[in-house]
2 protein chains.
Amino acid sequence: MARSNKERTEATRLALIEAARRLFVEKGYAETATPDIVAEAGVTRGALYHHFEDKKALFRAVLEREGEAVAAHIEGVALEGTSPRAALLLGASAYFDAMAAPGRTRLLLLEAPAVLGLESVVAIDRENAEGTLRVGLADFLGAGANAAALKALTEMLSAAFDRAAIAIETGADRKTYEGAIADLIDGLVRA
Amino acid sequence: MARSNKERTEATRLALIEAARRLFVEKGYAETATPDIVAEAGVTRGALYHHFEDKKALFRAVLEREGEAVAAHIEGVALEGTSPRAALLLGASAYFDAMAAPGRTRLLLLEAPAVLGLESVVAIDRENAEGTLRVGLADFLGAGANAAALKALTEMLSAAFDRAAIAIETGADRKTYEGAIADLIDGLVRA
DNA sequence: ACCTTTACATACAAACTGTCTGTATGTTAA
DNA sequence: TTAACATACAGACAGTTTGTATGTAAAGGT
């Protein structure tokens, strides 16, 4: 079978990213060795180091895919025509849906901050989901809050969502957390 | 100088823990090699592996010290005689004080979850700080909320505090975050 | 058809972790 | 006080792991 270089590259990168994702989720980044990754992907280490600068770059590629998937899922939810409050709650629900993909919380919320540093994670994930949340909050609160306070609230609620996503993945009842979020949100309107 | 075995052990363990803490804070757990740690501590790797099962156990010892310091700081704040609301806000402020120790947010909030797993971290840190928060919230909310909802709120607020602590360490204005926390808390009373 | 570039495969060097063995010092008891 | 033992190390060693360097075959341009 004669494949073009572009096809080969695409196929190899994808195989590596998916194999790495499986192993990073299963054993964590530090415990996953590159020989294991390439064996799972059906290639050699030469291919890995040809396409990625190092192991961390491969992890970053996995993370970027994950962040894009989350962003796409959230973008896909229709919020137009709903009240600001409903938009926030729908957004939260969509976020939980997005984070329900197996292993996603481990990758994005546990491994990534330690491996890539908080800044890179902020760039990948928060820039997306947190941006949406900030706009939603601004809409909901009206012109009442200044920029700094809005940023602080956004960050803190985003962290709360992350923690809720982890709890939900580990078996907690989703309704309970969505209710608690609604309580937090509703309280904000008179602050 | 003739030192007793107990003294030697105590001194060596402390030197290792303090050296490891410095390096873990500076370069992160994964990037810190045991030869560097023992050099910084002025001992050999033989001593390290005599006192600790492995590198992870040394990290755990660092973390436990850190968690104890946070708990001690929070316990040291007098909350008796204050209103439930004031108790919560004072507790939050005390938490920020405690987390202001250099490197503490990195160790407890970024490295620990990835290195030890979320469960171990919950056991070390949350069991302490989160327990206090849960009681404070229960006091504040009265008999209004059920146990599951209280647990969810506690976890989410705890995560919000953590994120605020990180923001504060990276230069954000503390007053802004304390104000945002007050807003979140105050909103909860009518939910 | 030729030459260059890309996509790998394999061999290699350096670093790191945990273990094992040996030694010196402290501890206990006859 | 000395014989027997336990503890606290030091240093050597083996197995992995990471990133690099070198070699090769297939694709792509001219």
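Labels below follow one simple rule: chain letters A, B, ... track the order of the sequence lines, proteins then strands, and each chain is numbered from 1. These values consider heavy atoms only, across backbone and side chains, with no hydrogens, waters or symmetry-generated copies. Computed from a predicted structure; not experimentally measured.
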Test your reading of the model: is there a side-chain donor-acceptor pair from [X] to the backbone of [Y], 3.5 Å cut-off?
{"X": "A:E7", "Y": "A:S4", "value": "yes"}
{"X": "B:Y29", "Y": "B:K56", "value": "yes"}
{"X": "A:T12", "Y": "A:T9", "value": "no"}
{"X": "A:S93", "Y": "A:L89", "value": "no"}
{"X": "A:R8", "Y": "A:R3", "value": "no"}

Nearest-angstrom distance from the residue atom [atom1] of [X] to [atom2] of [N]:
{"X": "A:L48", "N": "D:dG19", "atom1": "CG", "atom2": "P", "value": "9 Å"}
{"X": "A:L16", "N": "C:dA7", "atom1": "CG", "atom2": "C1'", "value": "12 Å"}
{"X": "A:D54", "N": "D:dT20", "atom1": "CG", "atom2": "C1'", "value": "12 Å"}
{"X": "A:K56", "N": "D:dT17", "atom1": "NZ", "atom2": "P", "value": "18 Å"}
{"X": "B:K6", "N": "D:dA8", "atom1": "NZ", "atom2": "C1'", "value": "14 Å"}
{"X": "A:K55", "N": "C:dA15", "atom1": "NZ", "atom2": "C1'", "value": "14 Å"}
{"X": "A:E31", "N": "D:dT18", "atom1": "CD", "atom2": "P", "value": "11 Å"}
{"X": "A:L58", "N": "D:dG19", "atom1": "CG", "atom2": "C1'", "value": "14 Å"}

Between B:T34 and B:N5, which has a closest nucleotide on DNA chain C that is more 5'?
B:T34

Distances for protein N/O vs nucleotides 8-11 of chain C N/O pairs under 3.5 angstrom?
from, atom 1, to, atom 2, distance (Å)
C:dC8, OP1, A:T12, OG1, 3.2
C:dC8, OP2, A:T12, OG1, 3.0
C:dC8, OP2, A:H51, NE2, 2.7
C:dA9, OP2, A:T44, N, 3.1
C:dA9, OP2, A:T44, OG1, 2.4
C:dA9, O5', A:T44, OG1, 3.3

Per side-chain contact (heavy atoms from CB on, under 4.5 Å), B:T32 is matched among B:L23, B:L58, B:V25 by B:L23

